[in-house]
Amino acid sequence: MRTHRCGALRATHAGQEVRLGGWVHRRRDLGGLIFLDLRDRDGIVQVTLGPDWTPPEVMERAAGVGAETVVLVKGVVALRPETARNRELPTGDVEVKAVDLAIAGRASTPAIPVARVKGEELPAEELRLLHRHLDLRRPELQRNLALRHRLLQRARATLSALDFYEIETPILTKPTPEGARDYLVPSRLHRGEFYALPQSPQLYKQILMIAGFDRYFQIARCFRDEDLRSDRQPEFTQIDLEASFVAPEDVYAVVEAVLTALWEEAGETVSGGFRRLSYREAMESYGTDKPDLRFGLAISDLSERFRGRGFDAFDSALASNGKIRAIRLPGGAVLSRKEVDALIAEGKAAGASGVATLKREGDRLSGPLAKLEGMTAELAELNDGDLLLAVAGPDSVALPSLGRVRTAAIARLKLQPREKHVFAWIEQFPLFERDPESGTLVFAHHPFTAPHPDDVPRLMAGELEQVRSLHYDVVYNGVELGSGSIRITDPELQRKVFELLGLSRDEAEARFGFLLRALEAGAPPHGGFAIGFDRVVMLLAGAESLRDVIAFPKTTAARALFEGAPTAVDPQEIAELGLKVLP
RNA sequence: GGGGCUGUAGCUCAGCUGGUUAGAGUGCCGGUCUGUCACACCGGAGGUCGCGGGUUCAAGUCCCGUCAGCCCCGCCA
């Protein structure tokens, strides 16, 4: 039916007779001459119709085609006249002189434009989702999904070459009361019972390791019934992997190979390797567990330097086991009072009771900290033009506050990154964290995460806060790309953890008995990782929203506008499931 | 669950302190036009101002409610 894609034609094709199929992107009808921009997934080429080479009835037909109509064109590729070439188009040196044009699919006037006027804003997101078939025709989204395809293939090829088997796991699974809210699926055959859609294939991949498959991966769809954000969809895709007889180092090597391959596939060069930071180092130096290491600006401890200098807020913080933490902004002295106030507000929003500042301009120090006894530029280690922002208090407050100040300052000062891509492993996360509401200790990750071997005695002794885990994250330019861990393989340790979670032996058996039985059948040491694939595509495509790298995304209220899901169903179907909808 | 922003022609937007017949660009329809590429030019049609209620002599504009989209907090082991 066709010989080439529209976007593929170049000067080398000149003289060839071609048949094309595509969508009419735009029409320019000059009366005697008609130009059609014909578009397919590869790009746009100009089709030219004129009385010298196009039969009159074809001219007439072409004069009537509207935007987005699908046409089949037969013609000859010709070099354009020298003065009529279009440098902005890859196909701009040529045009197709049409001898025939058939209308294959006439389009009604598009509800939203595919070809936009230069400078025109995109249609409202609601309309783009409602008319997704049209929005997806836009070259940007075509490009994003083409990239997504290539990244998927590259991930598969890379893992397959590393001896990983791609194995599918169920979509209808067992509900898990912990963690995110499950999407539930009622069972017709078993009235009153429910499946859940998987939040991740976590337990299945562990069972696969216990079953001896050694290395598994899956491009896995995951479902979580929680409120959404611009970087969160109710269903999303992970590159999920798990391997046996591994230490964290072995998992790191695999994940690094995959991520490096993906960046390469997108045309980026990754160098400098993956940094390593413990959770503690990340928090102490950057105030976050996902630091953007493209910038320096580490947090420093000024407790001793600023102790006992007549600043009450500092001394009282130190007296109650707090620290004075600070960040130096080179060139920060240029910030206006208003801009500095905005940074202080960031710190306060994260819980700091105050953010004290010190500015150096020439030999002059200014700001609230300038009046500390014995304050000098040397004491504060400030260079000319620097701004110091300090927070005193317990680390649990001071560090995250300065982390937010740091991020805001980088944006405010429009600092140039020292490197383009910085990947880092964050290791040795605590196994437990304090629930801010109840104050009780809860699992920081899922309950299958192995404790750090050195800390198992502490775990058994109930010194939970001190217990580190074998959980690790990959962070890229301040964005968390994924996480993983070495898993618990000792059934008794796993039982102990369920107990710490507050599950009775019976409850643990009812919920996770299948895992415990598997562990008792001889489990190899194993661990794995999951890469948030949508987020990776978004970063590599330069997209601003996950919705721009997913063909059919949901709205922030988890609706599918195009097809209209969710929707009410026939009461009879509901009755068949043994359910009743409450008003 | 809470907060914020937005909703006016098919699309993108303007519409002042409440005041005559709600505008522009683009698209659409008709016409002229042989080198355009956001073609140009002439003419025309096109409106439940998201929806419901209220205040007022008078509401696109003010108030209350509601729906939808987006952003943020909570939430996402």
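Each chain gets a letter, A, B and so on, in the order the sequences are listed, and its residues count up from 1.
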Can you check nucleotides 73-75 of chain B for protein contacts, nitrogen or oxygen pairs under 3.5 Å, and list what you find?
from, atom 1, to, atom 2, distance (Å)
rC73(B), OP2, Arg229(A), NE, 3.0
rG74(B), N7, Arg229(A), NH2, 2.8
rG74(B), O6, Arg229(A), NH1, 3.1
rG74(B), N1, Asp227(A), OD2, 2.7
rG74(B), N2, Asp227(A), OD2, 3.2
rC75(B), O2', Glu226(A), OE1, 2.6
rC75(B), O2, Arg232(A), NH2, 3.2
rC75(B), N3, Arg232(A), NH1, 3.3
rC75(B), N3, Arg232(A), NH2, 2.7
rC75(B), N4, Arg229(A), NH2, 3.2
rC75(B), N4, Arg232(A), NH1, 3.2

Rounded [atom1] spacing from [N] to [M] in Å:
N       : M       : atom1 : result
rG2(B)  : rG54(B) : C1'   : 27 Å
rC63(B) : rG4(B)  : P     : 13 Å
rU8(B)  : rA77(B) : C1'   : 47 Å
rU34(B) : rG43(B) : C1'   : 24 Å
rG46(B) : rG53(B) : C1'   : 30 Å
rA22(B) : rU26(B) : P     : 22 Å
rG60(B) : rA9(B)  : P     : 14 Å
rC62(B) : rC57(B) : C1'   : 16 Å

Taking [atom1] from [X] and [atom2] from [N], how many angstroms apart are they, rounded to a whole number?
X         : N       : atom1 : atom2 : value
His446(A) : rC76(B) : NE2   : P     : 15 Å
Leu89(A)  : rA38(B) : CG    : C1'   : 13 Å
Asp231(A) : rC76(B) : CG    : P     : 15 Å
Glu88(A)  : rA38(B) : CD    : P     : 7 Å
Phe429(A) : rA77(B) : CZ    : P     : 14 Å
Ile488(A) : rA77(B) : CD1   : P     : 17 Å
His25(A)  : rG27(B) : NE2   : P     : 12 Å
Gln233(A) : rG69(B) : CD    : P     : 12 Å

Protein-to-nucleotide contact annotation, 5' to 3' order, nucleotides 9-14 of chain B [B base; S sugar-phosphate only; - none; under 4.0 Å, heavy atom]: -SBSS-
Base-contact (B) and sugar-phosphate-only (S) positions in nucleotides 39-46 of chain B, heavy-atom cut-off under 4.0 Å, - elsewhere: B-------
From Leu277(A) atom CG to Ile426(A) atom CD1, the distance as rounded to the nearest 0.5 Å: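 Leu277(A) CG to Ile426(A) CD1: 5.0 Å, rounded to 0.5 Å.
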Interatomic distance, Leu136(A) atom CG to Arg128(A) atom CZ [nearest 0.5 angstrom]: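 So the gap between those two atoms works out to 9.0 Å.
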From rG69(B), rU34(B), rU36(B), nucleotide with atom closest to Arg559(A) side chain: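 So the nucleotide nearest the side chain must be rG69(B).
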Options rC71(B), rC37(B), rA68(B), nucleotide nearest the side-chain atoms of Arg547(A):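 In terms of side-chain proximity for Arg547(A), the closest of rC71(B), rC37(B), rA68(B) is rC71(B).
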Any strand is fair game: report the nucleotide pairing with [N] by Watson-Crick or G-U wobble, both distances under 3.5 Å, or none.
N       : answer
rU34(B) : none
rA68(B) : rU6(B)
rG44(B) : rC28(B)

Going by the rule ring-ring contact (aromatic ring centres under 6.0 Å, His included), which residues pair with [X] if we only count those two or more places apart in sequence or in a different chain?
X         : value
Phe432(A) : Phe443(A)
His25(A)  : none
His471(A) : Phe429(A), His445(A)

Would you say [X] and [Y] make side-chain contact, with heavy atoms under 4.5 Å?
X         : Y         : value
His4(A)   : Arg2(A)   : no
Tyr472(A) : Ile486(A) : yes
Glu242(A) : Leu208(A) : no
Leu101(A) : Leu36(A)  : yes

Touch class at under 4.0 angstrom, heavy-atom based, for Phe443(A) against every strand present: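 Sugar-phosphate, no base atom in range.
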Touch class at under 4.0 angstrom, heavy-atom based, for Ala115(A) against every strand present: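 The residue Ala115(A) makes no contact with any strand.
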Within residues 553-565 of chain A or reaching into it, pairs that qualify as side chain to side chain donor-acceptor pair (under 3.5 Å) - sequence neighbours excluded: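 The answer is Glu235(A)-Lys554(A).
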Donor-acceptor pair under 3.5 Å, Glu126(A) side chain vs rG7(B) base: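 Check fails, no donor-acceptor contact within cut-off.
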hbond_proxy Arg128(A) side chain to rC70(B) base (donor-acceptor, 3.5 Å cutoff):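 Flag unset: no donor-acceptor pair detected.
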For RNA chain B, the residues among residues 549-558 of chain A that have a non-hydrogen atom under 4.0 Å from it: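 Within this stretch, Thr555(A), Thr556(A), Ala557(A) sit under 4.0 Å of the strand.
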Any residue meeting side-chain hydrogen bond (donor to acceptor under 3.5 Å, both in side chains) with Glu465(A), in chain and number order, not counting sequence neighbours: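 With sequence neighbours excluded, Glu465(A) shows a side-chain hydrogen bond (donor to acceptor under 3.5 Å, both in side chains) to Arg434(A), given in chain and number order.
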Residue mapping more 5' on RNA chain B - nearest nucleotide basis, Gly66(A) or Leu33(A):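 The answer here is Gly66(A).
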Residue list, salt bridge (Lys or Arg N to Asp or Glu O under 4.0 Å) with Asp473(A), at least two apart or on another chain: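 Scan of Asp473(A) (salt bridge (Lys or Arg N to Asp or Glu O under 4.0 Å), adjacent residues dropped) gives none.
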Partners passing side-chain contact (heavy atoms from CB on, under 4.5 Å) against Glu427(A) (at least two apart in sequence or in another chain):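 Counting only residues at least two positions away or on another chain, Glu427(A) forms a side-chain contact (heavy atoms from CB on, under 4.5 Å) with Tyr252(A), Arg276(A), Trp425(A).
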Pairing residues for Glu346(A) by the side-chain contact (heavy atoms from CB on, under 4.5 Å) criterion, not counting sequence neighbours: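 Expected list: Arg404(A), Ala408(A).
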rC37(B) phosphate, OP1 or OP2, under 4.0 Å from Arg80(A) side-chain N/O: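 Indeed not, no polar side-chain atom of Arg80(A) lies that close.
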